[in-house]
Amino acid sequence: MSSGHEAAFWADEEADLLDPQTPHVVRDSKTPSGPVPIGHLRGPTISDAIFRTLRSRGVDARFVYTIDDYDPMDAASMRLQAGMAEHMGKPLFAVPSPDPTVAPDFAEYHAARFIALFAGLGITPEFHRMRDLYRSGALDRQIDLILRNAEAIRQIHKSVANVEHPEGWLPISIICENCGRIGTTLATDYDGKTVAYECRKDYVEWAEGCGHTGRISPFKGNSKLLWNEQWCAQWDHFGVTYEEGGKDLLTAGGSRDRSNAIYREVFKREPPLGLAHEFFTLGGKKMSTSKGVGATAVELASIYPPDLTRFLMLRTHPRRHVEFDPGGTTVPRLFDDYDRFGDAYLEEPESDMGKTWRLSQVSPDPEPPGFRVRFQILADWLQIPSVRPDVEAEKRKGARLTAAELRDLHRRLELARVWLDRWAPDEAKFAVLPTAPDVSLSDGQRRYLLAIKDLIGKVHDADEMQNQLYEYAKKTGLVDANGKPSQQAFAAIYLAFLGRPNGPKAGWLLTSLDPEFVCKRLDEVGRPR
RNA sequence: GGGCCAGUAGCUCAGCGGUAGAGCAGGAGACUCUUAAUCUCUUGGUCGUGGGUUCGAAUCCCUCCUGGCUCACCA
């Protein structure tokens with residue numbers, strides 16, 4: 001439908017790069033070494049969106065996700081934890097689980113958590129654990145190829161990234177037969193069947209080797225390819241054609257450049273395409289859970305509805321950074337935006353906004369959005385005890401809510417409660433003051449407050465109360481030039497109870513409170529000075 | 001030093017070759033009902049700078065400035 005000169009939706013642009021006649025494999029991966037920071041959700045969500053786009057075009061596509069549980073434990077934060085120091089440098093699958101009742105080892109513990117997290121967001125790729133790939137020998141052919149070309153690879157590291165490895169270096173880590181560490185070993189001398197290795201005390205800063213030397217086969221799980229080479233091996237094994245990534249990797253002279261060069265040179269294949277996505281920042285700073293800046297993905301995803309989380313990841317073009325502050329008015333604005341995109345989907349599903357909305361849904365083939373109540377309104381409702389959101393929403397819609405609409409309403413209410421509690425600015429909150437505030441009112445306003453005492457305890461319906469308040473304003477003479485009730489009347493009520501000149505619908509407010517309390521307050525504030 | 005991103009109305013951003021846009025905020029008004037909602041109208045910008053290409057540029061090219069991220073160890 002687009003002529004080719006028009007700017008296309010980003011997911012379409014990416015999909016356009018791939019030949020629809022051939023099968024495609026979209027890949028992503030993660031090292032299971034800790035909780036997922038919120039920003040790290042962007043990659044998988046983008047990959048999923050592109051995967052879905054390919055699928056919806058009828059392209060033969062797979063979405064492969066590898067769990068890098070053969071990586072060495074190198075997290076600096078872990079070293080300080082009790083009992084963890086001795087495990088530094090070991091492969092993650094060999095590090096003890098933080099909670100053995102949940103998962104048998106460290107890697108699986110964290111993997112299980114992000115797999116569940118992804119599933120909740122509708123991201124359900126084929127998961128492959130590196131331990132299975134290595135141990136089964138699935139990558140042995142690639143390992144052999146890489147080891148035979150070690151010298152060429154060493155040269156590529158040198159020319160592309162200016163990284164110089166020692167002569168005789170092999171791009172592989174052996175699991176030390178003596179101490180079980182993988183991050184501390186240097187391998188050399190591949191003879192086609194075995195390699196020599198040494199577990200060095202000071203090979204890396206973050207772990208200490210045992211000094212063992214030996215000779216062993218690098219196959220069937222005894223070793224792990226180094227990062228760049230492992231990347232190539234997986235591309236080759238799965239036939240990966242598309243892999244996006246963070247800009248930390250996809251930068252000139254960066255990791256991906258090195259892997260691309262190796263893949264072309266050694267594997268004689270064209271590396272996958274893939275865009276580089278920008279990061280989430282908070283106050284201009286990169287989010288970092290270790291520095292206490294930002295939130296973990298599980299935390300946010302447990303609070304936000306999944307489609308809102310996806311929307312947050314997808315509404316901004318991947319190449320642009322997202323300034324994300326979970327506090328303040330972010331949530332209501334995000335939800336307003338989300339609803340606008342939902343409306344766009346109803347009007348024109350093929351618009352960029354419509355597509356973004358569809359890709360934000362957990363289901364790849366979603367129902368169109370139904371009746372929704374604006375988030376900000378729900379936050380107000382929650383602060384007025386007499387309002388029953390289900391009933392109020394039905395009044396608004398003028399019909400019963402469907403099951404899906406009711407579910408959506410309740411998810412919004414849940415988030416609104418959290419928002420009011422944690423993030424809402426004071427302007428968004430109102431609370432009935434426990435004691436009469438010291439506010440200055442006109443004589444007319446005081447008379448009005450005393451007059452409406454008649455209604456308290458007698459009128460129980462909020463709408464009727466609202467009408468009566470209006471009538472009493474007229475009776476009391478609090479009218480403007482046109483004979484209509486002046487704002488002064490209602491302002492008096494808000495000032496008396498909330499200490500500010502505005503608030504929720506006055507009828508709601510007054511019928512929500514204990515009549516005795518209301519009368520007392522009206523007396524206190526309304527009595528002549 | 002290399003790479004990437006951003007700089008458009010008070011705020012958040014969209015627009016990415018054809019007479020400057022939206023939402024919110026601000027102002028005025030309508031609905032007998034303050035606030036909110038809904039609707040109508042409205043204020044507000046020399047589109048970071050300087051060049052270039054073009055009949056025409058916020059939009060393409062180059063320079064520079066500002067802010068931010070990122071790589072140059074490992075993964």
Side-chain angles (χ1 to χ4, degrees), chain A residues 5-7 29-31 33 39 68 70-76 89 92 160-165 173 183 203-207 224-228 230-231 246-258 275-287 315-323 325 328-330 332-334 336-337 339-340 352-353 373-374 376-381 384 392 396 428 430 462-474 478-480 482-495 498 500-509:
Chain A
H5 288 289
E6 295 167 25
S29 69
K30 181 169 287 303
T31 303
S33 58
D68 297 343
Y70 246 58
D71 288 0
M73 166 62 87
D74 65 353
L92 293 168
V160 175
N162 203 24
V163 177
E164 189 130 15
H165 293 290
S173 297
Y203 190 54
V204 291
E205 277 180 22
W206 35 268
K224 170 198 173 308
L225 291 164
L226 293 189
W227 173 246
N228 290 285
Q230 176 174 289
W231 218 343
K247 70 167 178 186
D248 53 338
L249 304 179
L250 302 203
T251 189
S255 206
R256 181 66 171 265
D257 263 6
R258 262 173 280 158
L275 58 74
H277 70 254
E278 268 279 353
F279 293 148
F280 271 47
T281 58
L282 176 60
K285 299 291 169 207
K286 188 191 177 187
M287 298 189 109
R315 78 167 158 169
T316 307
H317 192 292
R319 266 194 297 273
R320 302 176 74 142
H321 80 267
V322 176
E323 168 66 24
D325 175 359
T329 54
T330 297
R333 290 167 94 136
L334 186 60
D336 281 354
D337 244 19
D339 287 343
R340 274 201 308 126
D352 288 8
M353 283 166 77
V373 181
R374 203 177 118 141
Q376 184 67 61
I377 304 293
L378 294 178
D380 284 349
W381 287 0
I384 305 161
E392 205 58 40
R396 234 164 221 269
F430 37 81
D463 289 335
E464 176 58 17
M465 177 66 88
Q466 186 73 21
N467 279 325
Q468 288 299 324
L469 291 173
Y470 176 79
E471 292 304 325
Y472 269 67
K474 285 201 275 199
L478 277 181
V479 291
D480 62 17
N482 301 320
K484 292 180 185 171
S486 147
Q487 301 193 3
Q488 297 298 312
F490 291 91
I493 295 173
Y494 296 119
L495 284 166
L498 310 175
R500 34 184 270 202
N502 53 47
K505 207 166 179 180
W508 280 348
L509 181 66

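In the text below, chain A, chain B and the rest are named by the order of the sequence lines, each starting its count at 1. Worth knowing before you read on, the calculation uses all heavy atoms, side chains too, and leaves out hydrogens, waters and symmetry mates.
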Output the rounded distance in Å from [atom1] ([X]) to [atom2] ([N]).
X: A:His277; N: B:rC5; atom1: NE2; atom2: C1'; value: 13 Å
X: A:Asp352; N: B:rG15; atom1: CG; atom2: C1'; value: 11 Å
X: A:Asn162; N: B:rG1; atom1: CG; atom2: C1'; value: 12 Å
X: A:Leu498; N: B:rU34; atom1: CG; atom2: P; value: 17 Å
X: A:Arg320; N: B:rG68; atom1: CZ; atom2: P; value: 18 Å
X: A:Asn228; N: B:rA72; atom1: CG; atom2: P; value: 10 Å
X: A:Asp248; N: B:rG68; atom1: CG; atom2: C1'; value: 15 Å
X: A:Arg258; N: B:rA72; atom1: CZ; atom2: P; value: 6 Å

Say you pick atom [atom1] in [N] and the same atom in [M]; how far apart are they, in whole Å?
N: B:rG48; M: B:rC39; atom1: C1'; value: 38 Å
N: B:rU49; M: B:rG10; atom1: P; value: 15 Å
N: B:rC24; M: B:rU42; atom1: P; value: 15 Å
N: B:rC61; M: B:rU43; atom1: C1'; value: 37 Å
N: B:rU63; M: B:rC69; atom1: C1'; value: 23 Å
N: B:rU35; M: B:rG18; atom1: P; value: 42 Å
N: B:rG68; M: B:rC55; atom1: P; value: 41 Å
N: B:rG27; M: B:rU66; atom1: C1'; value: 34 Å

Earlier contact from the 5' end, RNA chain B, for A:Thr251 and A:Ala506: A:Thr251
Comparing A:Lys224 and A:Arg319 on RNA chain B - which has the more 5′ nearest nucleotide: A:Arg319
Salt-bridge contact A:Asp337-A:Arg315 (side-chain N to carboxylate O under 4.0 Å): yes
A:Asp339 with A:Arg374: basic N within carboxylate O range, under 4.0 Å: no
Using a 4.0 Å heavy-atom cut-off, does [X] contact any base of the nucleic acid, only the sugar-phosphate backbone, or nothing at all?
X: A:Arg333; answer: base
X: A:Leu249; answer: base
X: A:Thr329; answer: nothing
X: A:Ala276; answer: nothing
X: A:His317; answer: nothing

Out of [options], which nucleotide sits closest to the side chain of [X]?
X: A:Arg340; options: B:rC74, B:rA22, B:rU70; result: B:rA22
X: A:Tyr494; options: B:rU34, B:rC69, B:rA36; result: B:rU34
X: A:Ile377; options: B:rC5, B:rG3, B:rA37; result: B:rA37
X: A:Phe490; options: B:rC33, B:rC4, B:rC16; result: B:rC33
X: A:His321; options: B:rU70, B:rA37, B:rC5; result: B:rC5
X: A:Trp227; options: B:rA75, B:rA37, B:rC74; result: B:rA75
X: A:Lys247; options: B:rA72, B:rC69, B:rC33; result: B:rC69
X: A:Trp206; options: B:rC74, B:rC5, B:rA37; result: B:rC74
X: A:Asp380; options: B:rC69, B:rA72, B:rA36; result: B:rA36

From CD (A:Glu392) to CG (A:Leu378), nearest 0.5 Å: 10.5 Å
Distance (rounded to the nearest 0.5 Å) between A:Ile493 CD1 and A:Leu509 CG: 8.0 Å
So what's [N] paired with, Watson-Crick or G-U wobble, going by both distances under 3.5 Å?
N: B:rG1; value: B:rC71
N: B:rA20; value: none
N: B:rA14; value: none
N: B:rU66; value: B:rA6
N: B:rA28; value: B:rU40
N: B:rC60; value: B:rG52

A:Ile377 side chain near A:Arg396 side chain, heavy-atom distance below 4.5 Å: yes
Residue from A:Leu250, A:Asp248, A:Asn228 passing side-chain contact (heavy atoms from CB on, under 4.5 Å) with A:Ser255: A:Asn228
Any donor-acceptor pair under 3.5 Å from A:Gln466 side chain to A:Gly507 backbone: yes
Distance-only donor-acceptor test (3.5 Å): side chain A:Gln466, base B:rU34: yes
A:Phe279 and A:His277 aromatic ring geometry - parallel, tilted or perpendicular at 30°/60° bounds: perpendicular
